[in-house]
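Taking it in order: structure first as structure tokens, then the write-up.
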Amino acid sequence: MKFKSPPVNSLSLEFLTEFSIGLEKLENNRACRGVIITSAVPKIFSSGLDITEMCGKSVEHYGEFWRAVQEMWLRLYGSNMVTVAAVNGSSPAGGCLIALSCDYRIMAENPKFSIGLNEAQLGIVAPFWFKDTFVNVVGHRIAERSLQLGSLHPAPEAQRLGLVDELVPEEKLMEKAAAVMAQWLALPDHARQLTKTMMRKAVLDRLVAHREEDIKNFITFVSKESIQKSLRMYMEMLKKRKS
């Protein structure tokens, strides 16, 4: 599955909806046992949540958008398929969440590419289920420091921290992803799936149990004038960078 939403594969409401539908179709296809997720846009895996979906919109829109973010994560993190992220570019915030939600992460060996949950830099707090996913991958201490600082880790550092499993040269990325997929698919599906469910169920159940509360919290938070101001400033900064 290749992300293709130029310029930076922002996770808009439309993108998230298409992604969730795509995952559901693959999940329902008995012939499909695994999916490799990568980007068709050079130098970027995904820039994360689309800021324009969170700025100057209605309360109803914020709710619809956040439900789509939740749905994407529940589908990907809870997928029965083998999921391999072939991270072929930078992957901040929501892009990092997608990679973290996969079973295995391979990143292109390029020190210019970085990955991390950098929400704190934008004045936003990563929700508890982002945090839980991160902790499950890198451990509590690394996650705590990285989340508070809103750190973006260059590829070599990301591997050292365990945020990605392997680094390979860019031209070998898909070949390696296919080899990893073959290794995982060599196992009986039921044993792997039950083990995955056992490892991830508590984190998934926590969001399912608090889903409406999480949406309300997001709406309250993002509707604050101070947050809207931060987002507007960030968008202005991006516009200046482009020009």
Side-chain angles (χ1 to χ4, degrees), residues 3-23 37 39 41 44-77 87 89-101 114-134 143 146-153 203 206-208 210-243:
F3 295 154
K4 193 175 183 182
S5 183
V8 290
N9 291 335
S10 293
L11 304 177
S12 63
L13 179 57
E14 185 184 9
F15 186 105
L16 289 162
T17 306
E18 288 287 323
F19 185 31
S20 292
I21 290 168
L23 284 172
I37 296 171
S39 168
V41 177
I44 189 87
F45 180 69
S46 167
S47 66
L49 301 183
D50 188 339
I51 301 289
T52 62
E53 299 280 13
M54 299 186 274
C55 199
K57 299 283 199 297
S58 67
V59 165
E60 290 75 20
H61 183 87
Y62 297 147
E64 189 185 1
F65 175 64
W66 198 246
R67 190 176 293 279
V69 180
Q70 292 177 335
E71 187 63 30
M72 176 276 293
W73 177 77
L74 288 167
R75 285 204 173 279
L76 184 57
Y77 198 65
V87 184
S90 287
S91 193
C96 178
L97 180 73
I98 289 174
L100 287 170
S101 301
S114 60
I115 184 169
L117 294 178
N118 64 324
E119 281 81 354
Q121 286 190 32
L122 315 182
I124 301 171
V125 178
F128 70 86
W129 41 285
F130 281 52
K131 180 269 296 176
D132 289 345
T133 312
F134 200 30
S146 187
L147 283 168
Q148 286 195 61
L149 293 172
S151 304
L152 282 175
H153 305 284
V203 175
R206 193 172 164 208
L207 177 59
V208 171
H210 298 284
R211 200 166 176 182
E212 295 308 316
E213 185 188 338
D214 183 58
I215 291 170
K216 281 180 190 163
N217 287 344
F218 173 75
I219 292 169
T220 303
F221 182 76
V222 86
S223 300
K224 284 181 183 168
E225 184 46 42
S226 58
I227 300 303
Q228 286 291 307
K229 189 179 174 186
S230 288
L231 293 173
R232 284 195 299 268
M233 283 167 65
Y234 183 68
M235 282 163 69
E236 281 302 316
M237 185 188 78
L238 288 179
K239 277 180 196 167
K240 280 177 188 166
R241 268 194 206 162
K242 280 175 193 168
S243 58

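Computed from heavy atoms alone, side chains included, the values below leave out hydrogens, waters and symmetry copies.
Of all the heavy atoms in Ile37 and Ile98, the pair that sits closest is CG2-CG2, 4.5 Å. Taking all atoms of both residues into account, the shortest heavy-atom contact from Pro92 to Asn118 is CB-OD1, 3.6 Å. Across all their heavy atoms, Ala99 and Val87 have their closest contact at CB-CG2, 4.1 Å. Shortest non-hydrogen contact noted between Ser91 and Ile115 is O-CG1, 3.3 Å. Closest of all the heavy-atom pairs between Gln121 and Gly150 is NE2-O, 2.6 Å. Closest approach of Ser114 and Leu152 over heavy atoms only: OG-CB, 4.0 Å.
Partners of Glu212 by side chain to side chain donor-acceptor pair (under 3.5 Å), not counting sequence neighbours, listed by chain and number: Arg67. Judged as a salt bridge (Lys or Arg N to Asp or Glu O under 4.0 Å), and not counting sequence neighbours, Asp214 has no contacts. Partners of Gln228 according to the side chain to side chain donor-acceptor pair (under 3.5 Å) rule, which considers only residues two or more places apart in sequence or in another chain, are Tyr62. Residues satisfying the side chain to side chain donor-acceptor pair (under 3.5 Å) criterion with Ser5, sequence neighbours excluded, are absent altogether.
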Between Arg241 and Glu236, is a salt bridge (Lys or Arg N to Asp or Glu O under 4.0 Å) present by the stated rule, with each step listed? CA-CA 9 Å; Arg241 268 194 206 162; Glu236 281 302 316; over 6 Å; no
Run the side-chain contact (heavy atoms from CB on, under 4.5 Å) check on Leu100 and Phe130 step by step: do they pass? CA-CA 9 Å; Leu100 287 170; Phe130 281 52; over 6 Å; no
How far apart are the C-alpha atoms of Trp66 and Trp129, what are their side-chain angles, what is the distance that settles it, and do they pass the ring-ring contact (aromatic ring centres under 6.0 Å, His included) test? CA-CA 13 Å; Trp66 198 246; Trp129 41 285; 5.8 Å; yes
Between Val41 and Phe3, does the side-chain contact (heavy atoms from CB on, under 4.5 Å) criterion hold? Intermediate values first, please. CA-CA 7 Å; Val41 177; Phe3 295 154; over 6 Å; no
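Here the CZ-CD1 distance, from Phe218 to Ile227, works out to 10.5 Å after rounding to the nearest 0.5 Å. Here the CE atom belonging to Met72 is positioned 11.0 Å from the OG1 atom belonging to Thr17, to the nearest 0.5 angstrom. Summarising the geometry, atom CE belonging to Met237 is positioned 9.5 Å from atom CE belonging to Met233; distances are rounded to the nearest 0.5 Å. Rounding to the nearest 0.5 Å places CE of Met235 at 12.5 Å from OG of Ser230. Expressed to the nearest 0.5 Å, how far CD1 of Ile219 lies from CD of Glu64 amounts to 11.0 Å. Note that CD of Glu18 and OG of Ser12 are 9.0 Å apart. Values are rounded to the nearest 0.5 Å.
The shortest side-chain heavy-atom distance between Leu231 and Val222 falls under the 4.5 Å cut-off. Between Phe134 and Leu147 the shortest side-chain heavy-atom distance falls below 4.5 Å.
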Identify every side-chain donor-acceptor pair in residues 44-53 under 3.5 Å, counting partners at least two apart or on other chains, and give the distances.
unit_1 : atom_1 : unit_2 : atom_2 : d
Ser46  : OG     : Asn9   : O      : 2.8
Ser46  : OG     : Gly48  : N      : 3.2
Ser47  : OG     : Val8   : O      : 3.3
Ser47  : OG     : Ser10  : OG     : 3.2
Asp50  : OD1    : Thr52  : N      : 3.0
Asp50  : OD1    : Thr52  : OG1    : 2.6
Asp50  : OD2    : Thr52  : OG1    : 3.3
Glu53  : OE1    : His61  : NE2    : 2.5
Glu53  : OE2    : Leu13  : N      : 2.8

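Between Glu119 and Lys131, no side-chain nitrogen of the basic residue sits less than 4.0 Å from a carboxylate oxygen of the acidic one, so the salt-bridge criterion is not met.
Contacts classified as side chain to side chain donor-acceptor pair (under 3.5 Å) and involving residues 215-225 (residues at least two apart or in different chains) are given here: Glu225-Arg232.
In this structure a side-chain-to-backbone donor-acceptor pair under 3.5 Å is missing from Ser151 to His153.
Partner of Leu11 under the side chain to side chain contact (heavy atoms under 4.5 Å, CB included) criterion, out of Val69, Leu97, Leu16: Leu16 alone.
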